[in-house]
Amino acid sequence: MNPSSLKSRFTTRFLRALTKINAHKPISSSSPGPGEIFQRYRRIKVAADKSMAYSVRSRRTWSRATLWRLRTRSPRSRLATHARRSWVKTRSTRAASHGKEKKEDGGTVEAEELRELVPGGEAMDLCNLLDETAHYIKCLTTQLDILDRQECTSREL
Amino acid sequence: MSSRRSRSRQSSGSRITDDQIIDLVSKLQQLIPELRGRRSDKVSASKVLQETCNYIRNLHRQVDGLSDRLSQLLASTDTDSDQAAVIRSLLME
């Protein structure tokens with residue numbers, strides 16, 4: 001495996017994060033309650049997204065948007081999220097009206113849907129959206145591959 | 001006329017042509033298992049975008065499911081040997 005590939009960068013970061021998560025041992029040594037498992041599930045999900053976004057760094061709009069979203073997750077920054085959303089809405093109305101090709105009128109509804117699925121998509125014009133989506137999908141499948149392998153090995157042990 | 005002007009303005013120098021969009025859409029089509037084999041002139045851009053949305057939602061669901069299952073499994077395993085095993089399986093490909 002190429003050590004500088006996206007896959008290996010993601011794997012290293014993600015496994016490191018998993019070790020930290022696993023180090024959070026409960027105070028009582030009895031089996032973890034559902035609340036704790038849910039916490040761990042949240043942490044693993046965040047670790048997977050964070051590791052992927054960091055591995056891509058700021059080279060992509062979607063990874064920048066993900067990192068931004070992860071950094072402003074705390075309740076205190078809900079104000080910042082609202083501010084950002086209104087800024088994005090202004091940009092996206094401009095971008096959407098520019099990127100709309102006449103023949104894509106049928107595809108514009110789907111493009112809006114896609115914009116909601118791809119991080120940072122709301123502010124992308126159609127061209128960038130398509131390009132970012134392709135990269136995003138490649139990264140998601142890589143992420144899934146590693147998660148899957150981790151699950152398989154965890155089951156075997 | 002105004003649409004041509006606005007198109008060149010928002011793409012910072014290079015104009016976004018219909019061909020570029022078609023190109024990007026067909027590139028996207030190749031990534032989606034549902035549509036991969038089909039000829040790009042047989043699949044509408046609208047369909048590609050639709051299937052892309054479904055595919056991404058599917059991938060998100062899978063990540064969610066795996067994270068969930070991992071959270072239950074990790075409690076009882078030794079992560080060091082886990083990691084060695086994951087890395088080993090990656091090196092073998």
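Note that this is a predicted model, so its numbers are computed, not measured.
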Is there a chain of hydrophobic side chains (I, L, V, M, F, W, Y, each step under 4.5 Å between heavy atoms) that links B:L31 to B:Y55? yes

Do A:L6 and A:F14 belong together in a cluster built from hydrophobic side chains that touch within less than 4.5 Å? yes

What do you reckon, is CZ of A:R42 surrounded by more than 12 foreign heavy atoms closer than 6.0 Å? no

Less than 4.5 Å apart, any side-chain heavy atom of B:L49 and any of A:L130? yes

A:Y41 with A:I21, same ILVMFWY side-chain cluster at under 4.5 Å: no

Derivation and outcome, side chain to side chain contact (heavy atoms under 4.5 Å, CB included), residues B:L70 and A:R40: CA-CA 9 Å; B:L70 271 177; A:R40 198 174 289 148; over 6 Å; no

Nearest non-hydrogen partners of A:C127 and B:Q20, listed with the distance: SG-NE2, 4.3 Å

Rounded to the nearest 0.5 Å, what separates atom OG in B:S67 from atom CD in A:Q150? 11.0 Å

Is A:M124 reachable from A:L67 through a run of I, L, V, M, F, W or Y residues, each pair having side-chain heavy atoms under 4.5 Å apart? no

Take atom CZ in B:R39; do more than 12 heavy atoms of anything else shown fall under 6.0 Å from it? no

Could you state whether A:L126 and A:L117 fall into the same hydrophobic cluster, counting links through intermediate Ile, Leu, Val, Met, Phe, Trp or Tyr residues with side-chain heavy atoms under 4.5 angstrom apart? yes

With a 4.5 Å cut-off on side-chain heavy atoms, are B:V48 and A:E110 touching? no

Quick check: under 4.5 Å, non-hydrogen atoms only, which of residues 133-144 of chain A neighbour chain B? A:T133, A:A134, A:Y136, A:I137, A:K138, A:L140, A:T141, A:Q143, A:L144

CD on B:Q62 to CG on A:L147, rounded to 0.5 Å: 10.0 Å

Does A:E116 have more than 12 heavy atoms from other residues, nucleotides or ligands lying within 6.0 Å of its CD? no

Most heavy-atom pairs under 4.5 Å with chain A, out of B:T52, B:L28, B:D23, B:D64, belong to B:D64

Rounded at 0.5 Å granularity, tell me how far CG in B:L66 sits from CD1 in A:I146. 11.5 Å

Answer with side chain, backbone, both or neither: which region of A:N128 has an atom nearer than 4.5 Å to a non-hydrogen atom of chain B? neither

